[in-house]
2 protein chains.
Amino acid sequence: MRSISPLAIKLGAFAALSCNELNVLDRLHQRRRTFVSGKDLLHQGQSRSNAYVLAKGWAVSYKLLADGSRQIVNIKVPGDIMGMRSNSLRVSDLGIEPVTDIEVSEVLALDLLEDFRENPRLATAVQWAASRDNAMVVEHLVSIGRRDATRRVAHFFLELEARLRLVGLGTSSGYFCPLTQYILADALGLSAVHVNRCLRKLRQDGLVTFRGESVVFDDHDGLVEFAQFDPAYLDHTGPLLH
Amino acid sequence: MRSISPLAIKLGAFAALSCNELNVLDRLHQRRRTFVSGKDLLHQGQSRSNAYVLAKGWAVSYKLLADGSRQIVNIKVPGDIMGMRSNSLRVSDLGIEPVTDIEVSEVLALDLLEDFRENPRLATAVQWAASRDNAMVVEHLVSIGRRDATRRVAHFFLELEARLRLVGLGTSSGYFCPLTQYILADALGLSAVHVNRCLRKLRQDGLVTFRGESVVFDDHDGLVEFAQFDPAYLDHTGPLLH
DNA sequence: CGCAACGTTGAAAATCGTCAATCGACGTGG
DNA sequence: CCACGTCGATTGACGATTTTCAACGTTGCG
């Protein structure tokens, strides 16, 4: 009886994993730790060479500016790898804060490298995930740079949907979403007040309703069209491995 | 008599390269090609598995939106690697356009992998460069999300300075910069008109002057302070290899 | 109960974009 | 050589978007 971790589900979408590979992933989940909401798991500028796999709960990676404002770079949902600079070992310049109580598996960088040497297919799958994360940061940049506030919010909800579906935590009708409007604001480069107004507009236009920690798509097709959401950047089906 | 390529200079800043490693880099520069300004080198959505090393001239990588607007993700200067998805082989979702006539070295992905297998230190150095590129995209996101227009422009010039100095193309007093104000606008998420206003303000405040394809720092310290420029994200001195 | 955090709304102000016009530099065809 | 068109830079006026400030409601929790 195996309980499949979100990471295993996610990587399984990229490559059909063997029993042995699943076991290796399971072993990663041994050093289990929990962190409480709001208390930083990693501070900006802190030097760390081990990573965490988010098993339960949500977190954000962010950067603080000298004037006190905050820009959230990434929302982390179950199955995501946190705190690993994709390839080389170097100082993390991002802070990571849980937005709910979270459960993570701590992964020592050296262990990971060893596992990868023995399971190159696993290494490829993890690189695929990292490459996908990268594409998301780029799309995030595009969104902030060239979409108006309301479309930005709409696009954000659609991207999250795609990510959550991949780990079985969402459907095309909606998902659980423990983010506050302040967090949305810091992620989207807006003020919390304006995020509120955008949410109202999207609700009144019958597109999405975000209320009480849940996102409900009232008109999914309409929302996709409104936000000009093109999931191509997420669909790195790549060289499917069997 | 060896003419050192910008890429070799850049990687040399990370790891002291052996003669053999320099030779491998030289071999990369054999398949030399040129592209003219304005004609895309890579179209958005085009599938390619080989990369280019920019040897001379400038380019931009960008993403086009359905409404016709453009967001530039990255400015590419000599020594930069273009069109390589850092790790896995997948469809490029970014277009690349030369902003001047450029000279590049085409690198076949397979050749590169072979070289890396034989020269792990080179592989590490290239990964370092990729990681640095990544950090730049993140900082770019932060800039667009949380800095006002004028600071954004100022920060942009300072980042470019650091990048150009690394390949010997700039000093703390200024550098050659063939970008138009329209390109700056597409990179910074602004309109060209507003970029013009920001440039005037920076000039009148005695901080930087951008005119006639050249950036001149009138008050470098003042500009750093104004833009809240912290080059930490560029200083991945990492595990220096000897 | 009272506090704290989040959500909601309105009004005013700042920032930034759009439109329109002008100017100079440059290259091309006549 | 000159006329012309194009591209980029520049500026002003106006308008749209977004922020800020302020106030109030709601909810959950010690």
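Below, chains carry the letters A, B, ... as their sequence lines are ordered, and counting in each starts from 1. Since the structure is predicted, the reported quantities are computational estimates derived from the model, not experimental observations.
Under the 4.5 Å side-chain criterion, counting only non-hydrogen atoms from C-beta, A:Lys76 is not in contact with A:Trp58.
Remark: nothing in residues 176-187 of chain A comes within less than 4.0 Å of DNA chain D through any heavy atom.
In this structure, the salt bridge (charged side-chain N to carboxylate O under 4.0 Å, His left out) partners of B:Asp148, at least two apart in sequence or on a different chain, are B:Arg151. Annotation: salt bridge (charged side-chain N to carboxylate O under 4.0 Å, His left out) contacts of A:Arg152 (sequence neighbours excluded): none. For A:Arg146, the side chain to side chain donor-acceptor pair (under 3.5 Å) partners at least two apart in sequence or on another chain are B:Asp186. In this view, A:Ser173 and A:Thr171 satisfy the side chain to side chain donor-acceptor pair (under 3.5 Å) rule, not counting sequence neighbours. Residues forming a salt bridge (charged side-chain N to carboxylate O under 4.0 Å, His left out) with B:Lys201 (at least two apart in sequence, or on another chain): B:Asp205. Under the side chain to side chain donor-acceptor pair (under 3.5 Å) criterion, A:Lys10 pairs with A:Asp80, not counting sequence neighbours. B:Arg200 meets the salt bridge (charged side-chain N to carboxylate O under 4.0 Å, His left out) test with no other residue; sequence neighbours excluded. For B:Glu97, the side chain to side chain contact (heavy atoms under 4.5 Å, CB included) partners are B:Asp40, B:Val60, B:Tyr62, B:Arg70, not counting sequence neighbours.
A:Asn196 has its CG atom 8 Å from the C1' atom of C:dT9, to the nearest Å.
Across the helix from C:dC1-D:dG30 to C:dG30-D:dC1, the helix axis at one end is tilted relative to the axis at the other end by 30° (nearest 10 degrees, each axis from five pairs).
Protein chain A contacts DNA chain D over a range whose 5' and 3' limits, counting nucleotides with an atom under 4.0 angstrom from a non-hydrogen atom, are D:dT18 to D:dC21.
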Run the side chain to side chain donor-acceptor pair (under 3.5 Å) check on A:Thr209 and A:Asp218 step by step: do they pass? CA-CA 7 Å; A:Thr209 303; A:Asp218 302 314; 2.6 Å; yes
List every contact pair, protein side and nucleotides 11-19 of chain C side both N or O, where the distance is under 3.5 Å.
residue, atom, partner, partner atom, Å
C:dC16, OP1, B:Ala149, N, 3.0
C:dC16, OP2, B:His194, NE2, 3.4
C:dG17, OP1, B:Ser191, N, 3.3
C:dG17, OP2, B:Ser191, N, 3.2
C:dG17, OP2, B:Ser191, OG, 3.2
C:dG17, N7, B:Arg197, NH2, 3.2
C:dG17, O6, B:Arg197, NH2, 3.2
C:dT18, O4, B:Arg197, NH2, 3.4

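A donor and an acceptor atom, one from each side chain of B:Glu161 and B:His220, are located under 3.5 Å apart.
When each of B:Lys56, B:Arg31, B:Arg33 is checked for a side-chain contact (heavy atoms from CB on, under 4.5 Å) with B:Val104, only B:Arg33 meets the rule.
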